[in-house]
Amino acid sequence: MNKKPNRYSNIDSCPICESKDQTSALTCKDYTVSKDDFNIVQCRACGFAFTNPRPVLEELGAYYESDEYISHSNTKKGLVSSLYQRVRRRTLQRKLSLINALSPKGSLLDIGCGTGEFLNTMKQAGWNTTGIEPSASARRMGIENYKLDVREEPDLDKFQQHSFDVITMWHVMEHVPFLNERVAQLKRLLKQDGLLIVAVPNRTSHDADYYKEFWAAYDVPRHLWHFRPEDMRALMQKGGFEVKEIKPMKYDSYYVSLLSEKYKTGKSRLFSAFWRGWISNRKAGTEKWSSLIYIIRNK
């Protein structure tokens, strides 16, 4: 970061239940950019956790300015990035298969499309695709590399009501500054029989419990919200949606554990990370996976 942001804002009330009663849960370090510490609080009423305080909106973008932030840079440097790229190629096909099984081909909006690999996969499969990406550099890569229709985030307000058959947010909801406003926006944009797919980290996973403040998926301050399945169900119900099904992202426990080992020990302990990822998946049951995919419909 060229200039260290120093302005912060407080979230006074829980965005899910609106309670103002909060308690401190964890203090985590930003290992990617600033190396600063950030607090995670938990709502005493409903248990939802969120980063509080957080950088003001005008300065939040500076925390994404790093070659290590893979979804914006698409870097292949280093062990973690190389493994991420290999796994992503496989997961792209799985995402395509999932969506094709749930919805006829039509219009798809991917919010937070990064450098466009998922959007391009859907485009090549015959979907009518549009992307939203706040990062100018990532947006440019998607347009130049794949000839995609990728727009800036304010363009969400320019789409007509009920424009899309499918809206996807792959590890994006945890970054959204205004949670209820975004859910209302999704409600407006999605067709009445449309499909919403949201993937987020799961703070009730074994790897989250094991690594605690070193758990890489807390990723403060870029991750503003820290979900459990009951949080996502409550948020979606409040916004007029219904979570119909939850599916695991099985590779995430390995990737997250690899980063978490580095944060905890200062070393890329490959064997330890993969062992911990394997244990996490073994203990996952139905809703304890490191990351979860929520399949959501309009009520």
Side-chain angles (χ1 to χ4, degrees), residues 15-16 71 91-135 138-139 142-143 146-200 225 227 229-249 287 291-299:
I16 293 180
S71 66
T91 58
L92 286 173
Q93 292 305 312
R94 293 192 175 189
K95 290 174 181 179
L96 171 63
S97 297
L98 172 65
I99 294 172
N100 281 343
L102 292 169
S103 175
K105 289 180 182 177
S107 55
L108 180 143
L109 175 67
D110 185 32
I111 300 176
C113 66
T115 51
E117 282 69 26
F118 166 73
L119 206 60
N120 182 58
T121 299
M122 301 305 294
K123 178 183 176 182
Q124 296 301 317
W127 285 80
N128 179 19
T129 61
T130 307
I132 293 291
E133 175 51 51
S135 167
R139 193 166 60 243
I143 295 169
Y146 305 116
K147 312 304 179 190
L148 296 170
D149 178 7
V150 183
R151 309 184 190 187
E152 299 180 39
E153 192 159 14
D155 286 348
L156 280 170
D157 293 325
K158 299 178 182 178
F159 294 119
Q160 295 295 316
Q161 187 176 14
H162 305 319
S163 291
F164 299 100
D165 297 290
V166 177
I167 299 177
T168 56
M169 297 180 71
W170 301 105
H171 285 293
V172 170
M173 188 70 85
E174 62 268 33
H175 297 265
V176 172
F178 304 107
L179 204 51
N180 287 305
E181 289 83 348
R182 175 52 53 87
V183 173
Q185 210 168 36
L186 296 171
K187 183 76 173 176
R188 185 184 74 82
L189 294 175
L190 195 64
K191 292 182 179 179
Q192 291 182 353
D193 58 347
L195 173 70
L196 172 62
I197 294 181
V198 175
V200 292
W225 317 105
F227 291 95
E230 54 264 46
D231 301 323
M232 186 62 72
R233 289 191 181 99
L235 177 67
M236 289 299 151
Q237 182 178 24
K238 181 181 179 183
F241 292 100
E242 183 179 3
V243 175
K244 303 296 290 186
E245 192 176 357
I246 299 177
K247 290 183 174 292
M249 301 189 82
E287 295 187 356
S291 293
L292 295 170
I293 301 172
Y294 296 87
I295 298 167
I296 303 162
R297 297 278 186 183
N298 276 340
K299 276 189 170 181

- [ ] Could you pull out all residues at least two apart from Phe164 that satisfy ring-ring contact (aromatic ring centres under 6.0 Å, His included)?
- [x] Phe159

Open item on the list: If the condition is side chain to side chain contact (heavy atoms under 4.5 Å, CB included), which residues does Ser291 pass it with, not counting sequence neighbours?
Closed with: His171, Pro201, Met249, Asp252

Task: Shortest non-hydrogen separation from Cys113 to Gly131 and the atoms involved - done: SG-CA, 4.0 Å

Open item on the list: Return the OH to CZ distance between Tyr294 and Phe241, rounded to the nearest 0.5 Å.
Closed with: 15.5 Å

TODO: State, to 0.1 Å, how close Leu186 and Ile111 come at their nearest heavy-atom pair, and which atoms those are.
DONE: CD2-CD1, 3.7 Å

TODO: Sorted by first residue and then second, give each salt bridge (Lys or Arg N to Asp or Glu O under 4.0 Å) pair with at least one member in residues 238-247; sequence neighbours left out.
DONE: Glu18-Lys238, Glu242-Lys244, Glu245-Lys247

TODO: Quick one: do Gln93 and Thr91 satisfy side chain to side chain donor-acceptor pair (under 3.5 Å)? Show the steps, please.
DONE: CA-CA 5 Å; Gln93 292 305 312; Thr91 58; over 6 Å; no

Task: All salt bridge (charged side-chain N to carboxylate O under 4.0 Å, His left out) counterparts of Arg151, not counting sequence neighbours - done: Asp149

Open item on the list: I need the Asn128 CG to Lys123 NZ distance, nearest 0.5 Å.
Closed with: 10.0 Å

TODO: With rounding to the nearest 0.5 Å, note down the distance linking CD1 in Ile132 to OG1 in Thr168.
DONE: 11.0 Å

TODO: Name all residues meeting the ring-ring contact (aromatic ring centres under 6.0 Å, His included) criterion together with Phe118; count only those two or more places apart in sequence or in a different chain, and write none if there are none.
DONE: Trp170

TODO: Measure the spacing between CG of Asn120 and OG1 of Thr129 and express it to the nearest 0.5 Å.
DONE: 8.0 Å

TODO: Indicate yes or no: at least one non-hydrogen side-chain atom of Val166 is less than 4.5 angstrom from one of Leu109.
DONE: no

- [ ] Measure the CG-CD1 distance between Leu195 and Ile99 for me, rounded to the nearest 0.5 Å.
- [x] 7.0 Å

- [ ] Could I get the full list of salt bridge (charged side-chain N to carboxylate O under 4.0 Å, His left out) partners for Asp110, not counting sequence neighbours?
- [x] none

Task: Distance-only polar pair, side chains of Tyr146 and Gln124, donor-acceptor under 3.5 Å - done: no

TODO: Can you measure from CZ (Arg297) to CD (Gln192) and round to the nearest 0.5 angstrom?
DONE: 13.5 Å

TODO: For Asn100, check side chain to side chain contact (heavy atoms under 4.5 Å, CB included) against everything at least two apart and list the hits.
DONE: Leu96, Lys105, Trp127

Open item on the list: Holding to side chain to side chain contact (heavy atoms under 4.5 Å, CB included), I want the full list of residues that pass it with Glu287, two or more places apart in sequence or in another chain.
Closed with: Pro229, Arg233, Ile246

Open item on the list: For a quick test of reading the model, state the closest non-hydrogen atom pair linking Val183 to Gly239 and the distance between them.
Closed with: CG1-CA, 3.8 Å

Open item on the list: List the residues meeting side chain to side chain contact (heavy atoms under 4.5 Å, CB included) with Ala234, not counting sequence neighbours, and say none if there are none.
Closed with: Ile16

Task: Leu179 to Pro15 - nearest heavy-atom pair and separation - done: CD2-CG, 4.1 Å

Task: Donor on one side chain, acceptor on other, Gln161 and Ser163, under 3.5 Å - done: no

TODO: Of all the heavy-atom pairs spanning Gly114 and Glu133, show the shortest one and how long it is.
DONE: N-OE1, 2.7 Å

Task: Selection residues 155-174 - residue pairs positive for salt bridge (Lys or Arg N to Asp or Glu O under 4.0 Å), sequence neighbours left out - done: Asp155-Lys158, Asp165-Lys191

Task: salt bridge (Lys or Arg N to Asp or Glu O under 4.0 Å) contacts in which one or both residues fall within residues 177-190, not counting sequence neighbours - done: Glu153-Arg182

Open item on the list: Suppose we screen for side-chain hydrogen bond (donor to acceptor under 3.5 Å, both in side chains). Which residues come up paired with Glu152, at least two apart in sequence or across chains?
Closed with: none

Task: Heavy-atom closest pair, residues Leu108 and Met122 - done: CD1-CE, 3.9 Å

